[in-house]
Protein chains: 2
Amino acid sequence: MAVDTPWLDEEQLAAWVRLVAIVELLPGVLDSQLRRDAGLTHFEYYALAMLSEAPQRTLRMTSLGMQTNASLPRLSHVVRRLEERGLVERFPCPDDARATNARLTEAGWAKVREAAPGHVSTVRQNVVDALTASQVAQLTAIGDAILEKLDPHGTMSATYNRYDRSPE
Amino acid sequence: MAVDTPWLDEEQLAAWVRLVAIVELLPGVLDSQLRRDAGLTHFEYYALAMLSEAPQRTLRMTSLGMQTNASLPRLSHVVRRLEERGLVERFPCPDDARATNARLTEAGWAKVREAAPGHVSTVRQNVVDALTASQVAQLTAIGDAILEKLDPHGTMSATYNRYDRSPE
DNA sequence: TAGTGTCAGTTGTAGCAACAACTAAAGCGT
DNA sequence: ACGCTTTAGTTGTTGCTACAACTGACACTA
C-alpha cells in the first residue's frame, strides 16, 4: 500500500491542513463549554442526546455505540460513569439476555434539556453561523463523501441519514 | 449567554451531524494507520513534520506548540517522549535562556520520510480523493470561515496561511 | 443435547491529554 | 538595584480512551 501515492498538490494541502486544524480544535471547544456549563464531555452529552431521542429514551448498548461511534468497551465505561451519576440506568434486555439496555433517567433528561441551549449556541458561534447557507449545503455533501470512506458500513449512518437533506 | 439561541434547522443539523462524525472518526483512522505503520500518533507525526519543514529543522517549543495547536504542558510531555526515543533533541535557546529549542535528529528525519507516504495515502483514501476539485476548494473556504471562529488569534495560522490558495 | 462458534458486554491495564502548581528567566517601572 | 509582572517551560495528578482478555448467552449443527 501507498507505494506510488503522489503527494498532495497545493489546493489539496490547503484543504487538508484546515481540516486537520478543525479536527484538532473543535473537540476542545465543545468539551470545555459543556464541561464548564453542564459538567459533561461532548461525548457524554452526545450519548445522552441520542438516548433522549430514542423511543422510551432507551437504547441497547450496541445501538448507542454505533450512533455515537464508540467501541463497546469505551461505551461501557462511559455509561457506568453516567449511571453512577444517576443520569442513566442500565437493565437487562428482555428479548436477549446477552444485551443490556441503557435508559435515560429523569435527571438525565433534565440534564440534556439544561445543557442543550448552551451547546447549540456554541455550535452556532463556532461553526454554523460562520457559514453561508450554500456553504452549509456544501459541507453536508462533503461530509457525505468523506464519511462514505471513513465509515463505509454506515455504523454512524443511523444518525446522519436521519438528518438527510432529501426527506423523500 | 445562549438564552435566545434558535435550534438548528434541518440543513444546518445535517451539516453539523456530519462534521461531528468526521471529527470523531478521523483521528482514530489517522492514529491507527500511523501507529501500525510507524509507531507514531498522528500528533507526534504532525509535530515531527512541522520540525522537518522548519529552518535547521528546529523550532522553539512555543512555536511548535502553536503550529500543532498543543498546550505547552502537552507538548512538553510529547517532546520528552520523542526525545527518549531519539527522534528529537532539546537544547536551551541561545538568545533566551527561558526558551527551549526542539530539533529533529537524523533518526527523526528518517522516521518522517518513512512515515509520510503511508500517511499521505491514508489522507487520500479517506478524504482528498473522495472529493471533487471544487469540493476541495469549498472545503478550504469553509475551513477558513470556521477557523476564524475556532482559532481567532490564528495560533495555528502560521501553519495554514502558509498553504493559502492565493500565493501572490 | 452436546459441541462449536459468534455475539454482547464487562473488566483490567497501559498510555495520552487536561489541568494546576511550580521554577526560572526576562521585561519594566521607579 | 529592587520588586512586580509576564513569559517559557517542566512536572505531577487525575481522568478518559484504546486494547486485550474474559464471562455469559445465543445459534447452528450433528
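Throughout, a chain's letter reflects where its sequence line sits, starting with A, and its residues are numbered from 1. No hydrogens, no waters, no symmetry mates; every other heavy atom, side chains included, goes into these values. For clarity, every value in this text was computed on a predicted model and none was experimentally measured.
- Checking side-chain atoms of B/Ser52 against main-chain N and O of B/Ala49 turns up a donor-acceptor pair under 3.5 Å.
- Residue-level contact check: B/Asp96 touches the backbone only, with heavy atoms under 4.0 Å from sugar-phosphate atoms and none from bases.
- Transitive grouping of hydrophobic side chains (ILVMFWY, heavy atoms separated by less than 4.5 Å) keeps A/Leu72 and A/Val78 in distinct clusters.
- Regarding B/Phe91, its CZ atom lies at a distance of 15 Å from the C1' atom of D/dA8, rounded to whole Å.
- Computed from coordinates, the B/Met66 CE to D/dA8 P distance equals 9 Å when rounded to whole Å.
- Rounded to whole Å, the distance from CG on A/Leu72 to C1' on D/dT23 is 14 Å.
- Residues B/Arg60 and B/Ser63 have side chains in contact (heavy-atom distance under 4.5 Å, counting atoms from C-beta outward).
- When the C1' atom of C/dA25 is taken as reference, atom CE of B/Met61 falls 17 Å away, rounded to whole Å.
- Screening residues 83-94 of chain A for side chain to side chain donor-acceptor pair (under 3.5 Å) gives A/Arg80-A/Glu84, A/Glu83-A/Arg90, A/Glu89-A/Arg103 as the qualifying pairs, with residues at least two apart or on separate chains.
- In terms of the side chain to side chain contact (heavy atoms under 4.5 Å, CB included) criterion, residue partners of A/Asp9 (sequence neighbours excluded) are, by chain and number, A/Glu11, A/Gln12.
- Paired with A/His42 under the rule side chain to side chain contact (heavy atoms under 4.5 Å, CB included), one option of A/Asp31, A/Thr122, A/Val29 passes, and it is A/Asp31.
- Atom NE2 of A/His42 and atom P of D/dT17 are 12 Å apart (whole Å).
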So which protein nitrogen or oxygen atoms get under 3.5 Å of nucleotides 3-7 of chain D's nitrogens or oxygens?
{"residue": "D/dT7", "atom": "O4'", "partner": "B/Arg98", "partner atom": "NH1", "Å": "3.4"}
{"residue": "D/dT7", "atom": "O2", "partner": "B/Arg98", "partner atom": "NH1", "Å": "3.4"}

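- When rounded to the nearest whole Å, the span between CG of A/Asn101 and P of D/dA25 equals 16 Å.
- You'll find that the side chain of B/Ala97 is closest to C/dA25, out of D/dT11, C/dA25, C/dT11.
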Counting primed atoms, P, OP1 and OP2 as sugar-phosphate and everything else as base, the B/S/- map of nucleotides 12-20 of chain C against protein heavy atoms under 4.0 Å is B---SSSBB

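- The interatomic distance linking B/Asp95 (CG) with C/dG27 (P) rounds to 11 Å, in whole Å.
- When rounded to the nearest whole Å, the span between CG of B/Asp31 and P of D/dC16 equals 19 Å.
- In this structure, A/Glu106 has no side-chain hydrogen bond (donor to acceptor under 3.5 Å, both in side chains) partners at least two apart in sequence or on a different chain.
- Pairs engaging residues 107-118 of chain B under the side chain to side chain donor-acceptor pair (under 3.5 Å) rule: none recorded [sequence neighbours left out].
- Proximity of B/Leu59 to B/Asn101: side-chain heavy atoms (C-beta onward) are nowhere separated by under 4.5 Å.
- B/Thr100 comes within 4.0 angstrom of sugar-phosphate atoms only, judged by non-hydrogen atoms across all strands, and of no base.
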